[in-house]
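Being a predicted model, the structure only gives us computed values, none of them experimental.
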Amino acid sequence: MALKFGIVGAGRGSCFIASLRASGAEVVAYCESNEEKIKGLLQYHPDMEGLIYRDYDEFLKADMDGVVLANYFCEHASFAIKAMKAGKHVLSETISNITMAEGVELVRTVEQTGKIYGLLENYPYMKPNLAMEKLYKEGSLGKIVYGEGEYVHPMNQDEQNSLAPDKYHWRNWTPRTFYTTHALAPIMQMTDCMPTRVTAMASFAPEVAEGTALNTGDAAAILMIQTDNDAVFRVNGWSQFYPHGNHYRLCCTKGGCEISPTNGKLRISYAPWAKPEGIEECEADYDYEWPDPELGKYSESAGHGGSDFWVVYYFVKAIEKGEAPYWNVYRATAMASCAILGWRSILNGNIPYDIPDFSKEEDKRLWENDRISPFPDKDGNVDVRCSSIPYGPTAEDMANAEKKWNG
């Protein structure tokens with residue numbers, strides 16, 4: 001019998017309807033309160049008529065096995081916790097939690113309910129990143145020593161104001177370390193490394209925020225992360241500089257690899273003494289394929305270079321097998337801790353923070369009451385600023401943003 005899913009969020013969430021169905025699941029419910037977004041959903045998916053709920057609590061009463069969360073960035077933990085307590089498995093997009101206490105509660109809920117939780121982090125499943133993962137795990141490169149991950153996505157005024165159409169929209173309050181999953185997750189998955197310590201620095205350049213409602217003047221935040229096998233990762237996410245793009249690099253004891261910026265091929269380098277038998281050159285570029293060619297053909301129409309399909313597909317298969325997916329609650333909250341504590345490092349003189357292991361009760365107790373957040377409450381109050389140096393939009397910036405919002 002096919003698994004039944006509900007989706008939360010009619011914008012981004014609609015991207016997963018086809019992938020769920022292609023993975024053998026059914027979409028039986030939808031949750032969205034914004035009427036304009038509902039109209040947009042029904043324009044492309046008229047079969048969703050009659051399946052839409054405006055209230056999340058009512059939505060959770062629907063007969064379904066799992067929930068895909070594609071709502072606002074800063075809301076996922078509370079929605080996931082409520083869904084699992086209602087007996088649903090959860091696939092949650094973006095960062096798993098925005099406070100340390102949320103991370104603890106999320107883990108405890110998974111452990112107490114026995115429900116399967118997965119992070120809908122798609123970048124590890126892009127075709128070149130899967131090729132790098134396969135190569136590293138074959139072993140010819142040796143042990144990882146240093147890794148790099150970059151998610152560089154500069155936005156002009158119009159794009160920023162269009163994507164963040166409200167003074168208190170989460171995109172206007174997100175510290176640069178918080179949107180780091182697209183940078184960190186691929187190299188974590190490639191190497192199976194877990195973060196153990198983080199320190200970070202920000203690059204303050206308020207010019208990038210001019211004409212917008214952004215409350216950060218940072219162009220980038222760079223995280224240095226120690227891992228459980230003593231490697232070091234350098235990552236940055238949602239960086240506001242050029243050129244636009246993503247880049248990943250693995251540097252190991254016998255060789256290294258990255259995706260060539262000139263031709264998009266997999267560039268592999270070996271030390272002369274460690275060159276595998278049958279390899280003619282110490283450095284060369286290679287083509288690569290999807291791990292499953294037939295599914296790969298379908299995935300290329302699914303968005304984000306095919307990765308939107310794979311992350312959904314593997315989650316559905318995990319539920320069918322009764323096991324957690326690769327991006328389980330422990331990996332998800334460890335990555336979120338890098339974002340949260342990396343930001344705290346920036347605000348506190350770049351000091352290092354140990355990354356907790358929330359599978360351990362002593363680490364849970366250490367952070368269970370830490371609810372410090374840079375995101376505003378309904379009255380606009382925050383616990384900590386979201387800019388490395390105090391910054392806020394001017395009256396002129398807000399006027400420009402509102403002009404875009406009001407059409």
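- Counting only N and O atoms by type, the side chains of Glu258 and His247 include a donor and acceptor under 3.5 Å apart.
- Ion pair Arg331/Glu121 not flagged as a salt bridge, since none of the NZ, NE, NH1 or NH2 atoms sits closer than 4.0 Å to an Asp/Glu carboxylate oxygen.
- Remark: Lys317 NZ is packed, more than 12 non-hydrogen atoms of other residues, nucleotides or ligands lying under 6.0 Å away.
- Judged by distance alone, with hydrogens and angles left aside, the side-chain atoms of Ser345 form no donor-acceptor pair with the main-chain N or O of Leu341 at under 3.5 Å.
- Considering CG of Asp57 and SG of Cys31, their distance stands at 9.0 Å, rounded to 0.5 Å.
- A donor-acceptor contact closer than 3.5 angstrom is absent between the side chains of Ser19 and Asp308.
- Surrounding CD of Glu138 are more than 12 heavy atoms belonging to other residues, nucleotides or ligands, all under 6.0 Å away.
- A salt bridge does not link Lys167 to Glu402: none of the charged nitrogens lies less than 4.0 Å from a carboxylate oxygen.
- You'll find the side chain of Met190 reaches within 4.5 Å of the side chain of Asn129, heavy atoms only.
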Show the atom names and distances, to 0.1 Å, of all donor-acceptor pairs under 3.5 Å that link a side chain in residues 272-283 to residues at least two apart or in another chain.
from: Lys275; atom 1: NZ; to: Glu280; atom 2: O; distance (Å): 3.2
from: Glu283; atom 1: OE1; to: Ser269; atom 2: OG; distance (Å): 3.1

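- Judged by distance alone, with hydrogens and angles left aside, the side-chain atoms of Arg176 form no donor-acceptor pair with the main-chain N or O of Tyr179 at under 3.5 Å.
- Using a cut-off of 4.0 Å between Lys/Arg side-chain N and Asp/Glu carboxylate O, Arg234 and Glu150 are scored as salt-bridged.
- Side-chain polar atoms of Trp170 and Glu75 form no donor-acceptor pair below 3.5 angstrom.
- Between Leu141 and Lys254 there is no side-chain heavy-atom pair separated by less than 4.5 Å.
- Contact check on Arg267 versus Asp285 returns a salt bridge, with a Lys/Arg side-chain nitrogen under 4.0 Å from an Asp/Glu carboxylate oxygen.
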Query raised in the report: Can Val67 and Phe59 be said to form a side-chain contact (heavy atoms from CB on, under 4.5 Å), step by step?
Result: CA-CA 10 Å; Val67 171; Phe59 164 80; 4.0 Å; yes
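- Under the 3.5 Å distance criterion, the side-chain polar atoms of Ser203 are left unmatched by any main-chain donor or acceptor of Ala219.
- Between Phe5 and His89, a ring centre-to-centre spacing not shorter than 6.0 Å is recorded.
- In this view, Gln160 and Met155, Ala164, Arg171, Asn172, Thr212, Leu214, Trp238 satisfy the side chain to side chain contact (heavy atoms under 4.5 Å, CB included) rule, not counting sequence neighbours.
- If you take CD on Gln189 and OH on Tyr123, they are separated by 15.0 Å, rounding to the nearest 0.5 Å.
- With salt bridges taken as basic N to acidic carboxylate O contacts below 4.0 Å, none links Glu368 and Arg365.
- In this structure, Ser23 contributes its side chain and Ala25 its backbone to no donor-acceptor pair below 3.5 Å.
- Taking a cutoff of 4.0 Å between a charged side-chain nitrogen and a carboxylate oxygen, Asp192 and Lys137 qualify as a salt bridge.
- Side chain of Tyr136 to backbone of Ile187: no donor-acceptor contact under 3.5 angstrom is found.
- In this structure, Asn161 CG and Asp166 CG are separated by 11.5 Å, a value rounded to the nearest 0.5 Å.
- In this structure, the separation between CG on Leu119 and OH on Tyr326 is 12.0 Å, given to the nearest 0.5 Å.
- Between Val311 and Pro325, every side-chain heavy-atom pair lies at or beyond the 4.5 Å cut-off.
- His244 places no side-chain N or O within donor-acceptor distance of the main-chain N or O of Pro154, the cut-off being under 3.5 Å.
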Requested in this report: Evaluate the criterion side-chain contact (heavy atoms from CB on, under 4.5 Å) for residue pair Ser299 and Tyr313; output intermediate values, then yes/no.
Outcome: CA-CA 10 Å; Ser299 71; Tyr313 175 81; over 6 Å; no
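- Ring planes of Phe79 and Tyr56: tilted class, angle from 30 to 60°.
- Listed for the Thr99 side chain is a donor-acceptor partner under 3.5 Å among the backbone atoms of Glu102.
- Between the side chain of Asp397 and the main chain of Glu210, no donor-acceptor pair closer than 3.5 Å is present.
- The structure places CG of Asp287 at 9.5 Å from CG of Leu266, a figure rounded to the nearest 0.5 Å.
- Judged by distance alone, with hydrogens and angles left aside, the side-chain atoms of Asn381 form no donor-acceptor pair with the main-chain N or O of Asp377 at under 3.5 Å.
- Within 6.0 Å of the CD atom in Glu159, the count of heavy atoms belonging to other residues, nucleotides or ligands exceeds 12.
- Of the possible polar contacts, none joining the Tyr248 side chain to the Ala183 backbone as a donor-acceptor pair under 3.5 Å is found.
- Between Lys61 and Glu58 a salt bridge is recorded (basic side-chain N to carboxylate O distance below 4.0 Å).
- Put simply, the side chain of Phe309 does not reach to within 4.5 Å of the side chain of Asn122, judged on heavy atoms.
- Aromatic ring pairs are classed by plane angle as parallel below 30°, tilted from 30° to 60° and perpendicular above 60°; the pair Phe178 and Phe375 is perpendicular.
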Requested in this report: Using the side-chain contact (heavy atoms from CB on, under 4.5 Å) rule, take Glu35 and Arg54 through it: C-alpha gap first, then chi angles, then the decisive distance, then the call.
Outcome: CA-CA 9 Å; Glu35 295 300 327; Arg54 271 74 172 175; 3.2 Å; yes
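- Not counting sequence neighbours, the partners of Thr253 by the side chain to side chain contact (heavy atoms under 4.5 Å, CB included) test are Lys143, Val145.
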